[in-house]
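The first residue of the sequence shown is numbered 1, and numbering continues consecutively from there.
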Amino acid sequence: MQLKQTDIKLPFQSLFLIAPFFLWGTAMVAMKGVLPQTTPLFVAGVRLVPAGLLILLFTTLQGRPQPKSWKAWLWISIFALVDGALFQGFLAEGLERTGAGLGSVMIDSQPLAVAILSLWLFQDKIGFWGWLGLVIGVGGISLIGLPDELILNGFNLETAGMAWGVDHLFQSGEWLMLLASLSMAVGTVLVRWVCRHCDPVVATGWHMIIGGLPLFALSGGLESEQWIHLGGADWLALAYSTVFGSAIAYALFFYFASSGSLTSLSSLTFLTPVFALLFGNLFLGEVLSPLQSLGVGLTLVSIYLVNQRDTLAEKLKFKRSDAQGLNSPSEQQLNSSEEKPFEIPVKVRLSEPEPKL
């Protein structure tokens, strides 16, 4: 899909541009705050189904076409299973076992996995900056997800006094968040096939509904007392996560993506965990260990490098050419005409409908 390279003319444009990432980050905090009074799979279902209905209502008012072919429904269903049920299920289960800030960092590490999958499936170039970002990202995620005792004792399980195994991994909130991130990354890649058969915004709405229903079914069979202990403030937190953190955030994201924003939306992904870390500390009292703080910093740097690898490569190429005197204007030309500053046009692709939470 070719996107227009036009500027968005809105009051307080910068605030609108970062709004989706603010909403996603704060929605993580709202979900974490309500989990002690309810169950994770129920929260995941509430996050998806009502938001999907709101998005479909919005697309109906816009007159967007609904999916018609069996291929469209097949790809939407696969998308719903991976990016809906698995992603939100792992996210909610992981969020119950870790902090909102750390969870958001792990979720938003998905561009690292997307880059590898794109290289494998579509032969997309990663380049020097991308590989550097991937290496830094692996280090950052390791510092976040692995226990401090294991790292400080040189990864010696016996010295660290730990008995690690598969059961331990699935009880670790950080690793569940990593599984959620991988699910989101696979879903991001699947969008390329979904968009061939269906409008991407309509597909987003349907995949939320189809993916949310199994979560409600699992919640009914495996969980109990999902809403008995919920008070008014808890329902407001769930409503915020659903309406603002899902429906409105995605609507704004697609609005900016479809109209060609001034900045690549993917480069703003790192803002989501920043907001989650900030508000998690303010409202939930979440505190990171020194190693986790270092891991967060490395992960944010890696996300930026991977998302902006093409732009950084172009800037480096331009600086090298300028240093070698290639294609440099003469002094007379510089004095006679005013040159505009060098700009790299960045296109926003709809390959990431959920830079999610």
Side-chain angles (χ1 to χ4, degrees), residues 8 10-35 43-59 83-84 87-88 91-92 95 99-111 177 180-181 184 187-188 200-201 204-205 207-208 212 233-259 261-284 286 300 303 307 348 350 352-357:
I8 299 172
L10 286 175
F12 308 105
Q13 179 173 296
S14 298
L15 294 179
F16 277 97
L17 195 60
I18 67 174
F21 308 97
F22 172 82
L23 294 175
W24 279 322
T26 52
M28 290 283 286
V29 178
M31 290 173 63
K32 176 64 178 180
V34 79
L35 275 172
V43 170
V46 170
R47 178 88 188 274
L48 283 178
V49 176
L53 292 172
L54 288 174
I55 290 177
L56 287 183
L57 175 61
F58 174 75
T59 58
D83 196 69
F87 168 58
Q88 290 292 339
L91 185 152
L95 192 59
L102 275 183
S104 184
V105 173
M106 299 296 287
I107 291 297
D108 284 288
S109 67
Q110 59 89 18
M177 284 298 189
S181 177
M184 182 182 178
T188 297
V201 184
T204 298
H207 107 283
M208 285 182 168
D234 300 318
W235 284 110
L236 285 176
L238 286 175
Y240 178 84
S241 298
T242 300
V243 178
F244 290 91
S246 290
I248 294 179
Y250 291 133
L252 286 173
F253 177 83
F254 278 114
Y255 173 79
F256 287 120
S258 63
S259 55
S261 66
L262 296 174
T263 307
S264 171
L265 289 183
S266 60
S267 69
L268 299 178
T269 303
F270 74 96
L271 289 177
T272 301
V274 170
F275 287 127
L277 286 164
L278 174 62
F279 286 95
N281 179 267
L282 289 177
F283 293 102
L284 303 177
E286 296 178 353
L300 296 181
I303 293 169
N307 276 324
V348 179
L350 286 178
E352 295 184 23
E354 296 186 17
K356 318 187 182 184
L357 321 175

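The side chain to side chain contact (heavy atoms under 4.5 Å, CB included) search around Ala180 returns Phe87, Phe90, Leu91, Ile107, not counting sequence neighbours. Residues satisfying the ring-ring contact (aromatic ring centres under 6.0 Å, His included) test with Phe244, not counting sequence neighbours, are Tyr240. Partners of Leu56 under the side chain to side chain contact (heavy atoms under 4.5 Å, CB included) rule, at least two apart in sequence or in another chain, are Thr59, Gln66, Val202, Trp206, Ile209. In this structure, the side chain to side chain contact (heavy atoms under 4.5 Å, CB included) partners of Ser241, at least two apart in sequence or on a different chain, are Ala27, Ala30, Met31, Arg47. Take Thr242 and apply the side-chain hydrogen bond (donor to acceptor under 3.5 Å, both in side chains) test, not counting sequence neighbours, and it matches no residue.
A donor-acceptor pair is defined here as one N or O able to donate and one able to accept, closer than 3.5 Å; no such pair exists between the side chain of Gln88 and the backbone of Gly212.
To the nearest 0.5 angstrom, Ser246 atom OG is 7.5 Å from Ile55 atom CD1. If you take CG on Leu95 and CE on Met177, they are separated by 4.5 Å, rounding to the nearest 0.5 Å.
Contact between Phe275 and Phe22 at its shortest, heavy atoms only, is CD1-CA, 3.4 Å. The two residues Asp83 and His207 come nearest to each other via the heavy atoms OD2-NE2, 3.2 Å. Shown here for Pro273 and Leu300, the closest heavy-atom pair between the two residues is CG-CD2, 3.5 Å. Contact between Ala44 and Ala92 at its shortest, heavy atoms only, is CB-CB, 4.0 Å. Annotation for Leu48 and Gly84: closest pair CD1-O, 3.6 Å, computed over non-hydrogen atoms.
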